[in-house]
**Student:** 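Pasting in a structure now, in structure tokens, and then I'll have a few things to ask.
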Amino acid sequence: MNRVWTFGSWLIAAVVAAPIVVVLLALVGQQSPTWSHLRETVLTGYVVNTAVLAVAVGGLSAVIGIACAWTVATRDFPGKRFLSWALVLPLATPAYVVAYVYTDLLEFAGPVQSALRAVTGWEAGDYAFPPIRSLGGAALMLSLVLYPYVYLLARTAFETQAASLVDAARVLGAGSTRAFYTIALPASRPVVAGGVALAMMETVADYGVVDYFGVSTFTTGILRTWFALGDRAGALQLAGWLFIVVAALIVAEQVARRGGHANPVAGTAAITPAPLKGLRAWLATAVCALPLLLGLVVPMVVLARYAVLTGDPLLGRGFGDFVTTTFGVAGTAAVVATALALVLAYSARLDPRPANRLALRTATLGYALPGAVLAVGVLAPLTVLDKSVARFLNSQFDLGVGLVLTGTAAALVYAYLARFLTVAYNACQGGLDKVHRRLDDAARTLGAGPRRVLREVHVPLMRGAVASAVLLVFIDVTKELPATLILRPFNFETLATRVYRLASDERLAEASTAALAIIALGLLPALVLGLSSTRLRGSRAAEQVDSGKMPG
């Protein structure tokens with residue numbers, strides 16, 4: 001019976017990996033007619049801009065995330081309890097929405113420069129103002145919403161550093177700054193590298209920000225080659241090169257993780273936060289509040305004002321169709337991804353052999369890849385399947401049918417599954433690990449097979465994990481832009497594409513309604529993530545007190 005579940009894992013892995021295989025084959029296949037032109041004119045620019053942007057976002061996210069994490073973990077200051085979990089919330093804000101808001105605020109005709117000219121009497125050419133629509137501006141916009149990846153992991157690492165190590169450093173005469181650089185940061189480097197890698201991979205996958213700011217990267221090149229040049233093969237080859245960039249990031253992240261220093265007594269005691277007073281206390285509050293203010297509060301306030309004053313002209317008429325469409329594809333993808341993730345997680349529980357682990361790793365590879373890569377790779381297997389079905393129906397039943405899957409919402413759901421199956425799998429795997437294996441043995445003793453054990457024992461006990469998987473995939477699909485733009489059917493609008501289309505036409509006030517809806521949907525899992533991490537820290541402290549190991 002276990003072989004059936006292993007076969008299911010390999011089947012899921014084969015379906016999910018098909019787009020990736022198509023993209024890789026494009027690298028060694030026949031070159032498209034325009035490929036030589038792309039290689040000679042724009043490929044170098046795509047590589048350089050993508051690499052520079054990823055490194056810049058990784059660096060900025062590391063600075064913001066580590067500074068806030070160290071301050072929250074080791075200092076007591078006004079507002080710490082709120083900020084410790086609220087700093088996660090900018091993850092709910094799509095980067096392209098933040099880019100639209102700050103462009104409107106900071107461009108020449110925006111309120112910031114207009115107020116500056118009014119106060120100083122300056123005119124155009126009398127002052128220099130950094131251009132927001134630039135590679136540096138794109139890096140800043142992306143960093144404002146991606147730093148929580150670093151913050152979450154770094155804060156957890158800092159809070160689990162043994163107090164004895166920090167105290168030992170201080171006994172030897174090291175101050176707080178030196179203890180940070182010589183003890184805390186080296187010990188937490190592996191997990192910090194993981195957070196930075198996540199931020200960089202999200203940067204490589206971004207399309208909305210770089211397109212709006214006019215920064216030529218691989219994702220903008222893929223969509224331009226696809227839509228402007230009409231060259232699907234050229235877009236596929238660009239996707240293959242982007243896959244190489246992402247693979248290099250993954251390898252670099254793994255190398256960085258190996259270079260960390262092990263802490264043999266991590267978790268035995270918590271660092272005692274040092275109380276701050278006066279100006280230093282309020283400075284710490286300001287440092288931690290600034291990323292939250294810029295990454296979430298300012299965009300939401302601006303969008304709320306626009307939504308009240310202007311809003312989407314289709315609100316009350318056609319706007320409901322965008323919401324219905326978004327909920328339809330996101331809900332479908334979330335439910336199917338969670339069901340497949342349950343199969344994968346349970347298969348890993350039943351069959352831990354290396355061959356099955358390879359299938360699991362293959363099936364969960366898609367999240368590391370940009371949506372544009374998977375979207376381009378999805379069309380080839382779907383087209384082959386569509387043509388095979390059409391030939392079969394024509395030969396067996398004399399039925400003339402066109403493309404059943406290609407160009408439909410089914411193609412979108414397929415791309416979403418390949419991209420976000422990992423999110424659902426991680427949630428389900430975490431819930432399944434909490435179910436003791438003795439329950440499996442007891443159910444088997446009573447004659448229950450694996451399927452019945454999963455249905456009647458595991459799923460009821462991991463309802464929270466399953467619900468989290470559905471919710472997380474739903475939110476990720478709601479925000480996904482490049483895959484939706486490439487694969488959506490004609491006249492198919494989601495909230496994300498609605499925001500993109502209106503904001504690209506400089507109609508931010510009208511796009512505000514859909515943008516606020518996306519942020520509101522994304523706030524729920526971000527709140528759960530921030531609050532759950534806070535409760536986890538509280539439970540660890542309680543365990544230390546109960547065991548007689550008082551922090552510090």
**Student:** Ignoring hydrogens, what is the shortest heavy-atom contact between Leu83 and Cys288? Give both atom names and the distance.
**Tutor:**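 What the structure gives for the nearest pair is CD1-CB, 3.9 Å.
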**Student:** Taking atom CH2 of Trp241 as the centre, report whether more than 12 heavy atoms of other residues, nucleotides or ligands fall under 6.0 Å from it.
**Tutor:**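 At most 12 heavy atoms, drawn from other residues, nucleotides or ligands, come within 6.0 Å of this atom.
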**Student:** Going by the angle between their ring planes, with limits at 30° and 60°, are Trp70 and Phe158 parallel, tilted or perpendicular?
**Tutor:**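 Aromatic pair Trp70/Phe158 classed perpendicular.
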**Student:** From the options Leu142, Thr217, Leu481, select the one residue that forms a side chain to side chain contact (heavy atoms under 4.5 Å, CB included) with Asp206.
**Tutor:**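 Result: among Leu142, Thr217, Leu481, Leu142 is the only option passing the side chain to side chain contact (heavy atoms under 4.5 Å, CB included) with Asp206.
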**Student:** Using a 4.5 Å cut-off on heavy atoms from C-beta on, say whether the side chain of Tyr414 contacts that of Pro19.
**Tutor:**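 In short, these two side chains touch, coming nearer than 4.5 Å.
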**Student:** Among all residues two or more places apart in sequence or in another chain, which pass the salt bridge (charged side-chain N to carboxylate O under 4.0 Å, His left out) test with Glu493?
**Tutor:**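 Per chain and number, Glu493 pairs via salt bridge (charged side-chain N to carboxylate O under 4.0 Å, His left out) with Arg488, Arg501.
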**Student:** Heavy-atom distance under 4.5 Å between the side chains of Leu495 and Val323, does that happen here?
**Tutor:**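 Yes, at least one pair of side-chain atoms sits under 4.5 Å.
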**Student:** Any side-chain heavy atom of Thr497 within less than 4.5 Å of one from Thr494?
**Tutor:**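 In contact.
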**Student:** Please give me the minimum heavy-atom distance between Ala363 and Val16, naming the atom from each residue.
**Tutor:**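 So the minimum-distance heavy-atom pair works out to O-CG1, 3.5 Å.
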**Student:** Just by distance, do the side chain of Lys479 and the backbone of Ile518 share a donor-acceptor pair under 3.5 Å?
**Tutor:**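 The answer is no, because no donor-acceptor pair under 3.5 Å joins these two groups.
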**Student:** Sort and list the pairs that fulfil side chain to side chain donor-acceptor pair (under 3.5 Å) and have at least one residue in residues 510-520, not counting sequence neighbours.
**Tutor:**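 Qualifying pairs: Arg507-Glu510.
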**Student:** Quick check: do Pro111 and Leu105 have side-chain heavy atoms less than 4.5 Å from each other?
**Tutor:**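 They are in contact (side-chain heavy atoms under 4.5 Å apart), so the answer is yes.
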**Student:** Which residue pairs pass the side chain to side chain donor-acceptor pair (under 3.5 Å) test when at least one of the two sits in residues 318-330, sequence neighbours left out?
**Tutor:**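 For residues 318-330: none.
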**Student:** Tell me if a side-chain donor or acceptor on Ser134 pairs with a main-chain N or O of Pro131 at a distance below 3.5 Å.
**Tutor:**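 Yes: the side chain of Ser134 pairs with the backbone of Pro131.
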**Student:** Say whether, by atom type as modelled, one donor and one acceptor occur between the side chain of Glu480 and the main chain of Ala483 under 3.5 angstrom.
**Tutor:**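 Between the backbone of Ala483 and the side chain of Glu480 there is a qualifying donor-acceptor contact (under 3.5 Å).
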**Student:** I'd like to know whether the aromatic ring centres of Tyr96 and Tyr207 sit less than 6.0 Å apart in this structure.
**Tutor:**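 No, too far apart.
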**Student:** For Thr103, what residues pass the side chain to side chain contact (heavy atoms under 4.5 Å, CB included) criterion, not counting sequence neighbours?
**Tutor:**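 Thr103 satisfies side chain to side chain contact (heavy atoms under 4.5 Å, CB included) with Glu107, Ile132, Arg133, Tyr212, Phe213 only.
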**Student:** Side-chain donor-acceptor pair under 3.5 Å between Tyr306 and Asp104, yes or no?
**Tutor:**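 Yes, Asp104 and Tyr306 have a side-chain donor paired with an acceptor closer than 3.5 Å.
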**Student:** With a 4.5 Å cut-off on side-chain heavy atoms, are Arg155 and Leu87 touching?
**Tutor:**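 The answer is no, as the side chains (C-beta and beyond) never meet within the 4.5 Å cut-off.
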**Student:** Is it true that Asp476 and Arg419 have a side-chain N and a carboxylate O under 4.0 angstrom from each other?
**Tutor:**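 Answer for the salt bridge query: no.
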**Student:** If you take all heavy atoms of Ala333 and Val477, which pair is closest and at what distance?
**Tutor:**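 Heavy-atom minimum between the residues: CB-CG2, 4.1 Å.
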**Student:** Can you sort out the partners of Leu294 under side chain to side chain contact (heavy atoms under 4.5 Å, CB included), two or more places apart, ordered by chain and number?
**Tutor:**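 Side chain to side chain contact (heavy atoms under 4.5 Å, CB included) list for Leu294, sorted by chain: Tyr102, Leu144, Leu290.
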**Student:** For the backbone of Ala54 and the side chain of Thr203, can you confirm whether one donor and one acceptor N or O come within less than 3.5 Å of each other?
**Tutor:**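 Checking the backbone N and O of Ala54 against the side chain of Thr203, no donor-acceptor pair under 3.5 Å is found.
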**Student:** Do Leu523 and Met300 have side chains that approach each other closer than 4.5 Å (heavy atoms only, starting at C-beta)?
**Tutor:**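 They are in side-chain contact.
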**Student:** Over 60° means perpendicular and under 30° means parallel, so classify the ring planes of Tyr151 and Tyr147, tilted if in between.
**Tutor:**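 Taking Tyr151 first and then Tyr147, their aromatic rings stand perpendicular (interplane angle over 60°).
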**Student:** Does the side chain of Trp282 reach to within under 4.5 Å of the side chain of Pro78, using non-hydrogen atoms?
**Tutor:**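 Yes, side chains in contact.
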**Student:** Say whether Tyr500 and Thr484, considering side chains only, have a donor N or O and an acceptor N or O under 3.5 Å apart.
**Tutor:**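 No.
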**Student:** Can you name the side chain to side chain contact (heavy atoms under 4.5 Å, CB included) partners of Ala56, sequence neighbours left out?
**Tutor:**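 For Ala56, the residues satisfying side chain to side chain contact (heavy atoms under 4.5 Å, CB included) (neighbours in sequence not counted) are Ala139.
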**Student:** In the structure I gave you, are the side-chain heavy atoms of Leu91 and Val145 within less than 4.5 Å of one another anywhere?
**Tutor:**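 In short, these two side chains do not touch, never coming nearer than 4.5 Å.
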